[in-house]
2 protein chains.
Amino acid sequence: MQSPTRAKKKTKATSMDIAHRAGVSQATVSRVLRGSPLVNAETRRRVEEAVKELNYKVDRHASSLRTQRSGTLALLLFEDPTPDDSHINPFFLSMLGSITRACARHGHDLLVSFQQLSDDWHADYEDSMKADGLILLGYGDYLAYESKLAHLVAQGTHFVRWGPVLQGQPGISIGCDNAEGGALAGRHLVAQGRKKVAFLGDASTHFPEFFARYCGCDAALREVGLRMNPALQVDADSTEQAGYEAAQVLIARGLPFDAIFAASDLIALGAMHALKEAGLRIPEDVAVVGFDGTPMARFSNPPLSTVVQDTSKAGELLVDTLLQLVRDQPAQSITMAPTLQVRASSGG
Amino acid sequence: MQSPTRAKKKTKATSMDIAHRAGVSQATVSRVLRGSPLVNAETRRRVEEAVKELNYKVDRHASSLRTQRSGTLALLLFEDPTPDDSHINPFFLSMLGSITRACARHGHDLLVSFQQLSDDWHADYEDSMKADGLILLGYGDYLAYESKLAHLVAQGTHFVRWGPVLQGQPGISIGCDNAEGGALAGRHLVAQGRKKVAFLGDASTHFPEFFARYCGCDAALREVGLRMNPALQVDADSTEQAGYEAAQVLIARGLPFDAIFAASDLIALGAMHALKEAGLRIPEDVAVVGFDGTPMARFSNPPLSTVVQDTSKAGELLVDTLLQLVRDQPAQSITMAPTLQVRASSGG
DNA sequence: CTGAAAGCGCTTACAG
DNA sequence: CTGAAAGCGCTTACAG
């Protein structure tokens with residue numbers, strides 16, 4: 001099909017056109033559009049009419065240039081290393097959804113961008129005035145990340161980060177209580193009579209979120225005199241493939257285990273795959289609990305128990321907090337409480 | 001945790017500052033930054049050095065105001081009626097991901113926004129100069145939609161729509177060959193020996209995509225002397241809940257059927273739920289095929305056969321085509337070929 | 001309550 | 001190859 005004949009783009013109406021039509025000065029048009037209280041009601045009416053007739057919209061760039069505010073927030077999503085093109089972590093995808101909604105509710109636009117951890121992102125968006133503030137999202141090696149955050153703080157950039165609230169960390173974070181989430185999983189597994197809980201996911205200071213989940217689970221086991229066995233921990237980043245391979249490694253070690261606590265749902269899903277291939281029954285032989293509360297956890301076979309992070313609320317909090325920062329109001333880091341969703345994978 | 005003492009925001013460097021520092025005029029700075037060929041190599045070097053030292057970024061609003069180009073594309077995602085806050089259709093979520101990537105590759109920013117079909121979106125983004133062009137995404141009643149598209153064309157707005165390429169439709173579309181997708185499903189079910197294929201999803205001109213899927217499946221059955229039975233069709237929009245309810249309605253009708261072709265994966269997932277509750281075995285009693293190729297299709301129980309739309313390629317094509325339009329280059333609608341992913345739900 | 005005027009930070013003819 | 005100057009479309013003191 002050929003390109004249809006395109007209507008020649010009409011030259012856009014400006015506030016000058018509105019002024020002429022309404023018989024007022026351009027300044028008055030601007031006052032009406034900004035909702036200034038010092039405009040006569042009748043004048044206002046005439047202007048609004050002209051605006052409607054000419055289908056006028058304020059030019060965003062002119063306005064932002066003058067006010068030095070863009071009315072836009074930027075969401076930077078990190079992925080390092082670059083994953084398969086089509087499969088962004090579903091947890092971040094739902095965050096993206098709720099952040100977009102929260103922005104809309106607050107009358108802001110949202111600029112979305114994927115970044116590599118290695119990129120020179122730390123000085124771009126706000127300096128070029130594209131956005132009034134930044135939302136940072138993504139897994140990745142925290143130690144590599146921290147200096148960039150410090151740089152942002154030094155530059156006076158407004159930003160919030162999704163992630164754990166850590167001692168002395170630069171900037172403000174909104175995050176889930178990962179230790180509590182781990183404890184939820186651990187207590188549940190203990191209640192199911194499990195004693196040998198394996199952990200799939202990196203458990204070091206490079207990934208403080210995973211590490212806290214591990215520690216929380218360990219703490220829960222210790223409440224009843226048990227503990228995590230480091231020999232039952234296998235590194236994995238948050239992909240199905242990594243979970244699959246990690247579970248194979250775990251099985252190959254030949255040590256007995258009766259439960260897997262996976263650092264994310266994606267890891268858990270991959271692990272279940274490997275368990276089934278090895279002829280292990282879920283949950284009879286091995287109970288599995290994931291983390292994140294992603295949509296697909298409900299649909300897996302068997303349905304996956306998971307520690308749920310409320311992405312809706314998280315998105316709202318991220319945007320709220322960032323907007324406070326942008327307005328130079330005091331703001332603080334927030335830790336959210338996770339909940340446990342028990343399903344068949346852990347024999348609930 | 002209290003807000004950390006924020007470094008006082010330094011006043012941003014402007015091209016004037018760079019000019020002073022490099023000992024040239026502001027105009028020359030601008031030329032260097034825009035890559036103008038008429039700048040002396042040594043001059044260029046000095047300017048670039050100053051830019052680096054002061055960490056200067058071109059002010060986007062000033063630049064856009066002057067050039068009347070924003071370097072930004074807007075993605076409008078329609079949802080009507082408003083669904084549960086957290087669950088955006090996963091198919092659109094992956095489109096969002098691939099569109100974001102494609103934009104980045106082309107050096108454009110992406111503004112994301114959710115819209116209600118009823119909103120006054122048709123004249124906003126481009127008129128306010130926020131974006132150079134629009135990408136339209138979303139399900140919804142096409143008949144309600146069409147007049148808005150015509151309006152966009154009349155206004156000379158640059159846009160592409162994800163959706164079927166229809167006769168005489170306003171504007172340009174990139175879409176999947178839904179009839180072919182339906183045929184793929186139909187032929188496969190026939191090959192599995194199924195004869196009574198039910199269809200879950202609205203099959204009317206209001207939803208041309210679903211309708212084409214239905215017709216394509218029907219055509220495939222007719223190739224072997226069978227046909228779709230309208231009494232085995234139940235309306236459903238693309239949610240799990242609707243699929244669940246539609247399957248219950250179907251079962252309640254009491255007519256025999258040995259396969260379900262669902263208009264989307266979400267519908268299929270909901271339907272499988274209802275089938276299992278009714279004691280029907282998948283695929284022994286009823287084979288199920290979905291549509292979209294969403295990630296969770298792989299994880300369902302049993303894994304769901306589905307007609308796959310390549311979201312990666314779709315995102316790339318949408319952005320490419322829109323950019324052609326923005327540059328006033330000829331562009332055309334494109335129909336993409338779907339593929340069939342056979343899994344256990346259809347006894348493959 | 002309203003208008004005239006300055007200025008936000010760029011880009012790009014125009015002149016040299 | 002470079003600079004001086006106009007102007008993109010607004011917002012907001014300032015004066016009345």
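Letters A, B, ... mirror the listed sequences (proteins, then strands); counts begin at 1.
- Near DNA chain D, meaning a heavy atom under 4.0 Å away, there are no residues from residues 45-54 of chain A.
- At D:dG9, none of the side-chain N or O atoms of A:Tyr56 fall inside 4.0 Å of OP1 or OP2 (strictly under the cut-off).
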What does the list of N/O pairs under 3.5 Å between the protein and nucleotides 13-16 of chain D look like, with a distance for each?
unit_1, atom_1, unit_2, atom_2, d
D:dA13, N6, A:Arg31, NH2, 3.1

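- Each of B:Val24 and B:Leu65 has a nearest nucleotide on DNA chain D; the 5'-most of these lies closest to B:Val24.
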Enumerate, atom names and distances included, each donor-acceptor pair closer than 3.5 Å involving a side-chain atom of residues 317-327 of chain A, sequence neighbours excluded.
unit_1, atom_1, unit_2, atom_2, d
A:Asp320, OD1, A:His106, NE2, 2.9
A:Thr321, OG1, A:Leu317, O, 2.7

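- Partners of A:Thr14 under the side-chain hydrogen bond (donor to acceptor under 3.5 Å, both in side chains) rule, at least two apart in sequence or in another chain, do not exist in this structure.
- Considering only side-chain atoms of A:Asn40, the nucleotide from C:dG9, C:dT11, C:dT2 that sits closest is C:dT2.
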Which nucleotides of DNA chain D pair, in dot-bracket form (Watson-Crick or G-U under 3.5 Å, | meaning another strand) | |||.||||||||.|||
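- Taking every side-chain heavy atom of A:Val58 into account, D:dC10 is the closest of D:dC10, D:dT2, C:dT12.
- A:Ser25 meets the side chain to side chain contact (heavy atoms under 4.5 Å, CB included) test with A:Ala27, A:Thr28; sequence neighbours excluded.
- The shortest distance between the side-chain N/O atoms of A:Ser25 and the OP1/OP2 oxygens of C:dG3 is below 4.0 Å.
- Applying the ring pair (Phe, Tyr, Trp, His ring centres under 6.0 Å) definition to pairs two or more places apart or across chains, those involving residues 28-68 of chain B are A:His61-B:His61.
- In this structure, B:His61 atom NE2 and C:dT11 atom P are separated by 14 Å, rounded to whole Å.
- The side chain of A:Thr43 contributes an N or O atom lying less than 4.0 Å from OP1 or OP2 of C:dT2.
- Residue pairs meeting the ring pair (Phe, Tyr, Trp, His ring centres under 6.0 Å) criterion with at least one member in residues 32-54 of chain B: none, sequence neighbours excluded.
- Contacts of B:Thr100 classified as side-chain hydrogen bond (donor to acceptor under 3.5 Å, both in side chains), with partners at least two apart in sequence or in another chain: none.
- Per the geometry, CD belonging to B:Gln26 stands 13 Å off C1' belonging to C:dC8, to the nearest Å.
- As rounded to whole Å, 10 Å separates atom C1' of D:dT12 from atom CZ of A:Arg34.
- Phosphate proximity of D:dG9 to B:Gln68: present, with a side-chain N or O under 4.0 Å from OP1 or OP2.
- If you check every strand for non-hydrogen atoms under 4.0 Å, A:Ser30 touches a base.
- For B:Thr67 and C:dT11, the shortest distance from a side-chain N or O to OP1 or OP2 is not below 4.0 Å.
- For residues 26-43 of chain A, the salt bridge (charged side-chain N to carboxylate O under 4.0 Å, His left out) pairs, not counting sequence neighbours, are A:Glu42-A:Arg45, A:Glu42-A:Arg46.
- Contacts of residues 14-22 of chain B with DNA chain C (heavy atom under 4.0 Å): B:Thr14, B:Ser15.
- Residues passing the side-chain hydrogen bond (donor to acceptor under 3.5 Å, both in side chains) test with B:Asp310, sequence neighbours excluded: none.
- If you take CZ of B:Arg66 and C1' of C:dC8, they are 14 Å apart, rounded to a whole angstrom.
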